[in-house]
2 protein chains.
Amino acid sequence: MKHEYVTMKGATMKEVAAHAGVALSSVSRVLNNHPDVSEAMQRQVHDAIAAVGYEPNLLASSLRRGSTETVGFIASDISNPLFAEIVLGAERRLDESGYSMVLTNSEGNPERDEAMIRLLRRRRIDGLILSVADEDRPGTIAELSKLAEPVVLIDREVSGFHTASAVFTDHSGGMRAASEHLLSLGHRRIALISGARSLRPVRERLKGFEAAFATRGLQVPEDLLRFGSFSAPFGQQATAELLALDDPPTAIISGGNLLLTGVLRALQAGQRSVGGDISLISCDDVPLAELHTPPISVVDRDAVQMGDAAASLLLDLLAGGDRPRVAEVPTHLLLRGSTQPLAVD
Amino acid sequence: MKHEYVTMKGATMKEVAAHAGVALSSVSRVLNNHPDVSEAMQRQVHDAIAAVGYEPNLLASSLRRGSTETVGFIASDISNPLFAEIVLGAERRLDESGYSMVLTNSEGNPERDEAMIRLLRRRRIDGLILSVADEDRPGTIAELSKLAEPVVLIDREVSGFHTASAVFTDHSGGMRAASEHLLSLGHRRIALISGARSLRPVRERLKGFEAAFATRGLQVPEDLLRFGSFSAPFGQQATAELLALDDPPTAIISGGNLLLTGVLRALQAGQRSVGGDISLISCDDVPLAELHTPPISVVDRDAVQMGDAAASLLLDLLAGGDRPRVAEVPTHLLLRGSTQPLAVD
DNA sequence: AACAGTACTGGTAACGTTTTCAGCAGACCA
DNA sequence: TGGTCTGCTGAAAACGTTACCAGTACTGTT
């Protein structure tokens with residue numbers, strides 16, 4: 001038997017209509033379950049759809065309809081377990097409202113950020129959730145401004161772009177609590193390691209850190225501040241530097257969950273025992289923090305809730321919400337074995 | 001000059017053409033840098049584009065062109081750090097060839113898997129990379145079969161669907177090495193905890209496990225096999241059960257990096273010291289494994305390479321490669337402090 | 001009986017692109 | 001001079017939908 005591999009280039013509505021012996025527009029009505037369509041027509045069309053193996057073309061549909069029912073999500077770092085939860089929370093919420101989500105990651109690269117915004121804009125997404133890699137980059141701001149669709153920022157404030165809603169974390173509150181706790185344990189030489197100062201979470205954490213010192217009338221140990229990037233290698237390098245100081249810190253705050261890995265590597269390399277030689281607090285409760293020996297105290301937050309909040313804000317704008325709004329999710333300090341009173345010699 | 005800030009509801013090529021005083025088709029030619037277009041025309045059109053603020057509509061373009069230059073990636077679990085690396089590897093490779101990637105996650109839910117395949121198909125993606133949650137689910141197979149575009153499976157073999165390329169991990173080799181190592185340390189009561197048996201990695205790991213026992217003429221301890229899901233809670237529950245046995249294991253193999261978290265929780269709760277009371281090997285080198293006390297031996301593999309391989313296979317098919325191919329990435333055993341000789345009483 | 005409304009259907013013009021086809025210069029060759 | 005060729009451009013037909021506008025056949029009201 002000779003197979004005629006007609007590739008079946010995918011049947012269209014036109015062929016469905018022909019097969020059912022009805023008009024093209026009737027098929028469309030059935031598919032979009034328009035109110036005014038008879039039982040008979042319903043069956044006829046559905047049978048024809050099954051018969052020819054019709055598959056809707058969302059490109060054509062979106063083009064005509066003028067909306068894609070899709071929102072974009074640009075994650076700055078997929079490998080951060082926190083983002084996975086944010087994405088999850090957002091996706092569930094969007095699903096409920098019939099939107100689907102396309103996820104892209106910028107790998108923390110501002111240029112990719114820019115490219116992704118542009119790409120999604122050209123794809124005509126209906127809305128965008130993102131957490132830009134650099135709040136001040138002109139190119140990013142320009143791309144965002146060209147976007148007519150609603151935007152929700154996650155833990156970012158982009159200078160000169162005030163038409164977006166945003167969901168913030170109370171980083172300063174969390175960091176203040178963490179710092180106060182260390183101070184109350186007697187620590188004074190407390191180091192803070194975090195990402196680039198151009199990011200809101202970093203600025204906020206620093207604020208909280210400074211506030212804790214201020215309320216006690218103490219000087220912030222400026223020489224122990226290290227801002228670079230939210231990466232394990234930076235955490236490792238910064239920690240190694242700090243340990244090598246003449247007057248090294250007695251406690252370290254790791255402002256970012258990926259940093260923690262690096263910090264721990266450096267402490268291990270430097271033969272410092274966590275909790276014993278040096279106290280440690282990190283941000284975001286990842287398995288590593290919980291299962292480390294000793295377990296590591298963290299400033300935690302509900303990432304799923306963040307995603308949910310972001311999606312809700314976006315849906316609000318999509319539904320015609322006129323002015324941007326802001327949501328804030330709280331942080332809470334989880335105390336574990338890594339924070340101990342300062343040993344007095 | 002008075003700036004007329006008309007909101008410019010997105011200029012189209014038509015308006016560019018009008019502004020430049022040329023034909024629509026000429027604008028198109030310039031944009032797709034067609035060979036036959038004069039210098040003058042180039043400038044004229046580009047000026048007009050800048051003037052009216054034109055932005056290409058990829059929906060229309062894809063519809064007309066018949067291809068989206070986009071491949072889909074369905075991740076079964078975004079929160080698995082391994083997937084992040086696979087995605088990274090794939091995305092980089094695809095980028096080079098001018099394809100972009102849309103990422104979705106199925107949360108390990110077979111129904112979502114199915115829905116995502118259907119959605120992407122309707123979006124007319126040019127190809128698909130995925131790792132289905134359930135290899136035997138008829139619905140998934142049906143959805144995949146309806147897809148005319150090339151598919152690459154990651155660590156999965158779908159029964160009755162042989163038109164896809166695939167990238168496999170040498171799980172059986174890795175697991176065999178791990179098992180042999182434990183046997184050589186004197187362990188005989190070795191437990192294996194892994195995901196659902198309907199997944200290739202689980203089957204392969206079991207094969208390697210069994211092979212190691214077989215070559216020594218030993219019986220596989222059937223009562224110590226636990227297959228359920230790749231999740232922390234399952235790892236915890238299975239481990240707790242194993243510890244409660246009359247003749248508990250002296251070594252545990254965690255066949256999945258998310259399982260490890262649960263296994264460690266259960267061991268902690270059961271007051272067992274890793275390496276001392278019980279030896280432990282996990283799969284995939286995550287920070288938790290490296291930084292645990294003691295560090296945990298793992299069967300590792302290069303996840304970025306997996307993504308790269310998957311993308312390469314897909315690109316091959318997209319370029320007209322007629323028949324599906326298979327790539328295999330190796331595993332290697334990293335020995336650390338969690339595996340110790342069996343203590344003799 | 002005339003009219004207005006209701007329930008349904010068909011035809012057709014968009015949506016914003018790309019691609020084919022034909023046309024028009026001028027150049028080159030014989 | 002006539003001819004084909006080459007470089008460039010414009011017009012128009014797709015791509016697969018949805019939405020609008022009529023039109024038809026009933027139903028109910030006065």
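A, B, ... follow the sequence lines: proteins, then strands. Residue 1 opens every chain. Note that this is a predicted model, so its numbers are computed, not measured.
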Q. B/R43 has an atom CZ; how far is it from atom P of D/dC8, in whole Å?
A. 14 Å
Q: Decide yes or no on side chain to side chain donor-acceptor pair (under 3.5 Å) for B/S159 and B/E157, but give the supporting numbers first.
A: CA-CA 6 Å; B/S159 34; B/E157 30 189 6; over 6 Å; no
Pairs under 3.5 angstrom, nitrogen or oxygen only, protein versus nucleotides 19-28 of chain C, please.
residue	atom	partner	partner atom	Å
C/dT19	O4'	B/R64	NH2	3.4

(Q) Keeping B/E85 on the side-chain end and B/L82 on the backbone end, is there a donor-acceptor pair under 3.5 Å? (A) no
Q) What integer distance in Å separates B/L58:CG from C/dC15:C1'? A) 15 Å
Q: Would you kindly give the CG-to-C1' distance between A/L63 and D/dA14, to the nearest whole Å?
A: 13 Å
(Q) Out of the candidates B/S312, B/P324, B/P150, only one should pair with B/S165 under the side chain to side chain contact (heavy atoms under 4.5 Å, CB included) rule; please name it. (A) B/P324
Q | Among C/dT17, D/dG10, D/dT18, the nucleotide that comes nearest once only the side chain of B/A60 is considered | A | C/dT17
Q: Give the C-alpha distance, both sets of side-chain angles, the deciding distance and a yes or no for side chain to side chain donor-acceptor pair (under 3.5 Å) between A/S131 and A/D155.
A: CA-CA 7 Å; A/S131 180; A/D155 254 343; over 6 Å; no
Q) Hey, is the side chain of A/S26 poking within less than 4.0 Å of OP1 or OP2 on C/dT9, counting only N and O atoms? A) no
**Q.** Qualifying residues under salt bridge (Lys or Arg N to Asp or Glu O under 4.0 Å), relative to B/D134, sequence neighbours excluded
**A.** none
**Q.** Interatomic distance where CG belongs to B/N33 and C1' belongs to C/dT18 [whole Å]
**A.** 14 Å
Q: Whole angstrom is fine here: how far is it from CE in A/M13 over to P in C/dT12?
A: 16 Å
**Q.** Atom-to-atom span, CD1 of B/I49 to C1' of C/dT17 - whole angstrom
**A.** 13 Å
Q) Going by an N to O cut-off under 4.0 Å, is there a salt bridge joining A/R124 and B/E55? A) no
Q) Whole-Å distance between D/dG16 P and B/N57 CG? A) 17 Å
Could you go over nucleotides 22-27 of chain D and give all protein N or O partners under 3.5 Å, atom names and distances?
none

(Q) Taking 4.0 Å as the cut-off, does a side-chain nitrogen or oxygen of A/S62 come that near to OP1 or OP2 on C/dC15? (A) no
Q: Please figure out whether A/V27 or B/S38 has its closest DNA chain D nucleotide nearer the 5' end.
A: B/S38
Q: Report which part of the nucleic acid A/E55 touches: base, sugar-phosphate, or nothing (heavy-atom distance under 4.0 Å, all strands).
A: sugar-phosphate
(Q) Just the rounded figure in Å: distance from P of D/dG16 to OH of A/Y54. (A) 10 Å
Q. Touch check for B/D36, heavy atoms < 4.0 angstrom, all strands: base, sugar-phosphate only, or nothing?
A. base
(Q) Tell me the closest heavy-atom pair linking A/R156 and A/V132, and the distance in Å. (A) NE-O, 2.6 Å
Q | Proximity to the side chain of B/S61 - top-ranked nucleotide from C/dT18, C/dT9, D/dC15 | A | C/dT18
Q.
Under 4.0 Å between a side-chain nitrogen and a carboxylate oxygen: does that hold for A/E135 and A/R200?
A. no
**Q.** Residues B/D113 and B/R118 bridged, charged N to O under 4.0 Å
**A.** no
Q.
Are B/I141 and B/D136 packed together at the side-chain level, in the sense that at least one heavy-atom pair is separated by less than 4.5 angstrom?
A. no
